[in-house]
Asks: 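I'd like to ask some things about the structure below.
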Amino acid sequence: MELNAILSEKIQEKNLSDLYFNVELPLIRCLFDMERVGLTVDLNVLNELNEQLSAEIATLVETIYDLAGEKDFNINSNKQLADILFGKLGLKASKKNKTGFSVSADVLEELEHPIVDALLRYRQLAKLKSTYIDGMKQVVNKATGRVHTDFKQCLTTTGRLSSNEPNLQNIPVRTAEGREIRKMFVAKDGNVLISADYSQIELRLLAHFSQEPNLIEAYKNGRDVHALTASKIFKTPLEEVTSSMRRSAKAVNFGIIYGISGFGLAKNAGVSQKQAKAFIEEYFATYPKVREYMDQNVALAKQQGYLTSLAGRLRYFPELTSPQYTIRAFGERAAMNFPLQGSASDIIKIAMLRVYNALKEGNFKSKLILQVHDELIVEAPEEEREKVIELLRENMKNAVELTIPLDVGVAYGKNWYDAK
DNA sequence: TCATGGCGA
DNA sequence: TCACGTCGCCATGAT
């Protein structure tokens, strides 16, 4: 009771009453139900994947030992691996870390030796096996065959949730082999998994907050913003934008959200630092209000010490007063990113509550089971499928009112792989 | 317990 | 010139 008085006052003082009482507090029940319901893991699929992975890993280990001309070392030990590559094989070390020579993927990719492909492939498959196969086995409930993640509501600085034991927010999707992992997460009998995800929500928030006319026009008219950005930064007519130009522009758009630097973009987009810098200049020339918005955010964070998200969530930026450039620059990037990432998390939390309540009030058997930052996943009986898709779409699109519309993509299937 | 590397949005 | 994109979780080896 003593704490109640003190904390209640603080909540009011910081204008957090709405966020606390209307979002975070009711969300607890929603998260509890999601954790309790869980999700089925098909152990037959898991075991099948395990056998395929184990077989290929075994042959890769032989290949690596052959090419190294030695089998008395642990491939998983970066220290031992570095000794083989840069000692025994005489390859040129390019990057150091605190413990010695780096053997990260981007370093390996620069090396010219047949062992590199085998190592990268080994790393990829070993990661899938240890983290997603062996790791998942350990947390499946033996009686029910389901896994129950633990969503942490009060952990991140941006308002996002985090997921652990198992982490169901980082299940592979980018590579074909990794994506296979998703086949083991299945809907129970007579059900489907429905996935509904916000399309480019952080970029839309950037358009909303910056009020950049070019971005607002694009989103109001359903344009392809990555292609549009490509057309501008490459000074090329929209019809002549290639997929490679679009890919670079996409990296720029994402980079902006994270508080970009020429160096970071160069590394990410695979272009020269000079080229990256030119992209950024052209980007800001095209969308001048975005630069104003970013500058204003950093200035405001410096002046008042904090920023707020759409729903009034606070983040403080003590790094901005540091005498050290690196720490200060980190604070500046975080200040550019927080309102976007934080507001996106506000929006999906509001959407979760609306979906949760709508399913309950409509007496649906469908259950909200997962949230993956910009995506909601529902386990739905076949016969409820179409109604629930509509319910997800409407509640997510209308969670909040912005200058520009929110767009939601939906897919479904018997397993998570097919629901993408 | 820390550092590295790698998976996601 | 230096630094060098946000937020997380987890497996592994070295200490």
Side-chain angles (χ1 to χ4, degrees), chain A residues 73-82 95-108 119-120 122-136 138-139 149-152 155-175 177-179 181-182 195 197-203 206 251-269 273 276-277 280 294 315 317 319 324-342 344-345 348 370-376 416 420:
Chain A
F73 75 101
N74 184 345
I75 305 170
N76 295 319
S77 163
N78 295 334
K79 191 172 179 297
Q80 292 180 38
L81 183 60
K95 210 167 83 177
K96 295 189 76 164
N97 56 38
K98 286 176 187 172
T99 56
F101 293 118
S102 169
V103 288
S104 64
D106 48 319
V107 167
L108 297 188
L119 280 172
L120 291 171
Y122 169 85
R123 282 244 182 98
Q124 187 199 356
L125 301 186
K127 168 83 178 179
L128 294 176
K129 176 169 157 55
S130 69
T131 302
Y132 299 104
I133 300 287
D134 301 340
M136 205 56 64
Q138 293 173 23
V139 294
T149 190
D150 178 4
F151 286 112
K152 303 286 184 194
L155 189 145
T156 70
T157 49
T158 56
R160 277 187 175 183
L161 302 175
S162 81
S163 158
N164 55 32
E165 278 187 291
N167 181 359
L168 294 178
Q169 292 182 324
N170 76 339
I171 302 302
V173 68
R174 288 174 192 177
T175 69
E177 295 87 346
R179 208 174 186 138
I181 295 288
R182 295 186 168 226
S195 161
D197 71 304
Y198 281 115
S199 162
Q200 300 174 358
I201 188 167
E202 291 181 1
L203 220 41
L206 179 63
V252 175
N253 280 325
F254 278 112
I256 294 293
I257 290 171
Y258 297 140
I260 204 166
S261 74
F263 180 90
L265 178 64
K267 217 173 115 176
N268 199 278
Q273 208 162 322
K277 211 175 156 197
I280 296 169
M294 291 294 182
R315 177 169 174 177
F317 299 92
E319 299 89 351
Q324 293 184 56
Y325 170 83
T326 314
I327 295 177
R328 223 167 45 243
F330 171 80
E332 289 173 0
R333 293 193 298 273
M336 293 188 244
N337 176 260
F338 168 72
L340 304 172
Q341 193 179 128
S345 67
I348 199 160
L370 289 178
Q371 185 251 53
V372 189
H373 308 309
D374 65 357
E375 170 188 18
L376 297 180
W416 200 354
K420 254 288 175 184

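To find a chain, count down the sequence lines: A is the first, B the second, and so on, and within it residues start at 1.
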Asks: Any base atoms under 4.0 Å from Phe330(A), or only sugar-phosphate, or nothing? Heavy atoms, all strands.
Replies: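 Since only primed, P, OP1 and OP2 atoms lie under 4.0 Å of Phe330(A), the category is sugar-phosphate.
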Asks: Can you tell me how far the CG atom of Asn337(A) sits from the CD1 atom of Ile260(A), to the nearest 0.5 Å?
Replies: 12.5 Å
Asks: Answer with base, sugar-phosphate or nothing: what part of the nucleic acid does Lys98(A) contact at a heavy-atom distance below 4.0 Å?
Replies: sugar-phosphate
Asks: Is it the case that over 12 heavy atoms from other parts of the model lie below 6.0 angstrom from the NZ atom of Lys277(A)?
Replies: no
Asks: Grab the CZ-P distance between Arg328(A) and dC4(C) for me, whole Å please.
Replies: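 Result: 13 Å.
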Asks: Can you tell me if Thr156(A) touches the phosphate of dC7(C), counting only side-chain N or O atoms and a distance under 4.0 Å to OP1 or OP2?
Replies: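 No.
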Asks: Please state the P separation for the pair dC4(C) and dT4(B) - nearest whole angstrom.
Replies: 13 Å
Asks: Taking CG from Leu119(A) and C1' from dT12(C), how many angstroms apart are they, rounded to a whole number?
Replies: 16 Å
Asks: Can a side chain N or O of Arg160(A) be found less than 4.0 Å away from OP1 or OP2 on dA9(B)?
Replies: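 Arg160(A) to dA9(B) OP1/OP2: no side-chain N or O under 4.0 Å.
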Asks: From the options dA11(C), dA3(C), dC7(C), select the nucleotide whose nearest atom is closest to the side chain of Thr131(A).
Replies: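 Nearest nucleotide to the side chain: dA11(C).
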Asks: Checking contacts here: which listed nucleotide (dA9(B), dC10(C), dC9(C)) is nearest the side-chain heavy atoms of Glu165(A)?
Replies: dC10(C)
Asks: How long is the line joining CG of Leu370(A) and C1' of dC9(C), in whole Å?
Replies: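 Taking atom C1' of dC9(C) as the reference, CG of Leu370(A) is at 15 Å.
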Asks: Across the strands shown, which category fits Ile257(A) at heavy-atom distances under 4.0 angstrom: base, sugar-phosphate, nothing?
Replies: nothing
Asks: Distance check, rounded to the nearest 0.5 Å: Leu168(A) atom CG versus Trp416(A) atom CH2?
Replies: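 CH2 of Trp416(A) is found 5.5 Å from CG of Leu168(A).
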Asks: Look up atom CD1 in Ile348(A) and atom CG in Asp197(A), then write down how far apart they are to the nearest 0.5 Å.
Replies: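 If we round to the nearest 0.5 Å, Ile348(A):CD1 and Asp197(A):CG are 8.5 Å apart.
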Asks: Which listed nucleotide (dA9(B), dC7(B), dG5(B)) is nearest to the side chain of His373(A)?
Replies: dA9(B)
Asks: Could you tell me whether the phosphate oxygens of dA9(B), OP1 or OP2, come under 4.0 Å of any side-chain nitrogen or oxygen in Ser163(A)?
Replies: no
Asks: Looking at Gln80(A), does any N or O in its side chain come under 4.0 Å of the phosphate oxygens OP1/OP2 on dA14(C)?
Replies: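 Result: yes.
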Asks: Atom NZ of Lys95(A) and atom C1' of dA3(B): how far apart are they, to the nearest Å?
Replies: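 Going from Lys95(A) (NZ) to dA3(B) (C1'), I get 14 Å.
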Asks: Gly255(A) near the nucleic acid: base, sugar-phosphate alone, or nothing, with a heavy-atom cut-off under 4.0 Å?
Replies: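 Base, at least one base atom sits under 4.0 Å.
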Asks: Under 4.0 Å: is that the gap between some side-chain N or O of Arg174(A) and OP1 or OP2 of dG8(B)?
Replies: yes
Asks: Write down the distance between CD (Glu332(A)) and P (dA3(C)), rounded to a whole number of angstrom.
Replies: 17 Å
Asks: dT6(C), dG8(C), dC4(C): which one has an atom nearest the side-chain heavy atoms of Ser261(A)?
Replies: dC4(C)
Asks: So, does Ser102(A) get its side chain near the phosphate of dG5(B), meaning an N or O under 4.0 Å from OP1 or OP2?
Replies: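 For dG5(B), OP1 or OP2 has a side-chain N or O of Ser102(A) closer than 4.0 Å.
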Asks: Students often get this wrong, so: under 4.0 angstrom with heavy atoms, is Asn74(A) touching a base, only sugar-phosphate, or nothing?
Replies: sugar-phosphate
Asks: Please classify the nucleic acid contact of Ala251(A) as base, sugar-phosphate, or nothing, using heavy-atom distances under 4.0 Å.
Replies: base
Asks: So which nucleotide from dA11(C), dA9(B), dG13(C) ends up closest to the side chain of Asp374(A)?
Replies: dA9(B)
Asks: Considering only side-chain heavy atoms of Lys127(A), which listed nucleotide, dG5(B), dA11(C), dG8(C), is closest?
Replies: dG5(B)
Asks: Measure the spacing between CD of Gln80(A) and CD1 of Ile75(A) and express it to the nearest 0.5 Å.
Replies: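 With rounding to 0.5 Å, CD (Gln80(A)) is 10.0 Å from CD1 (Ile75(A)).
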Asks: Closer than 4.0 Å, any side-chain N/O of Asn167(A) to the OP1 or OP2 of dC10(C)?
Replies: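 It does not, given that no N or O in the side chain of Asn167(A) lies less than 4.0 Å from OP1 or OP2 of dC10(C).
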Asks: Any idea which of dG13(C), dA3(B), dT6(C) is nearest the Ala334(A) side chain?
Replies: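 Nucleotide nearest to Ala334(A)'s side chain: dT6(C).
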Asks: Determine the contact category for Phe338(A): base if any of its heavy atoms lies under 4.0 Å from a base atom, sugar-phosphate if only primed atoms, P, OP1 or OP2 are that close, otherwise nothing.
Replies: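 No contact.
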Asks: With a non-hydrogen cut-off below 4.0 angstrom, is Ala105(A) in contact with a base, only sugar-phosphate, or nothing?
Replies: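 Sugar-phosphate, no base atom in range.
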Asks: Rounding to a whole Å, what distance do you find between Gln273(A):CD and dA3(C):P?
Replies: 12 Å
Asks: Between C1' on dC7(B) and CG on Asp106(A), what's the gap in Å once rounded to a whole number?
Replies: 15 Å
Asks: With a 3.5 Å distance limit and no angle check, can you tell me whether Asn164(A) reaches the backbone of Asn167(A) through a side-chain donor-acceptor pair?
Replies: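 No.
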Asks: Is Asn170(A) touching bases, backbone alone, or none of the nucleic acid, heavy atoms closer than 4.0 Å?
Replies: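 Base, at least one base heavy atom under 4.0 Å.
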Asks: Which one, dT4(B), dG8(B), dC7(B), comes nearest to the side chain of Asn78(A)?
Replies: dT4(B)
Asks: Counting side-chain heavy atoms from CB outward, which of dT4(B), dG8(C), dG5(B) is closest to Val103(A)?
Replies: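 That would be dG5(B).
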Asks: Is the backbone of Ile171(A) close enough, under 3.5 Å, to the side chain of Arg182(A) for a donor and an acceptor to pair up by distance?
Replies: yes
Asks: Contact class for Glu375(A) vs. all strands (heavy atom < 4.0 Å): base, sugar-phosphate, or nothing?
Replies: nothing
Asks: Applying a 4.0 Å non-hydrogen cut-off, can you work out what Leu340(A) is touching in the nucleic acid: base, sugar-phosphate, or nothing?
Replies: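 It contacts nothing in the nucleic acid.
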Asks: Side chain of Asn164(A) only, heavy atoms from C-beta on: which candidate in dT4(B), dT15(C), dC9(C) is closest?
Replies: dC9(C)
Asks: Rounded to whole angstrom units, what separation is found between the CG atom of Leu203(A) and the P atom of dA9(B)?
Replies: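 Taking CG of Leu203(A) and P of dA9(B), I get 16 Å after rounding.
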Asks: Between dA14(C) and Ser77(A), is there an OP1 or OP2 to side-chain N/O distance shorter than 4.0 Å?
Replies: yes
Asks: If you compare every side-chain N and O of Arg333(A) against the phosphate oxygens of dC7(C) (OP1, OP2), does one of them come in below 4.0 Å?
Replies: no
Asks: If you take all heavy atoms of Leu370(A) and Phe151(A), which pair is closest and at what distance?
Replies: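 Residues Leu370(A) and Phe151(A), closest heavy atoms: CD2-CZ, 4.1 Å.
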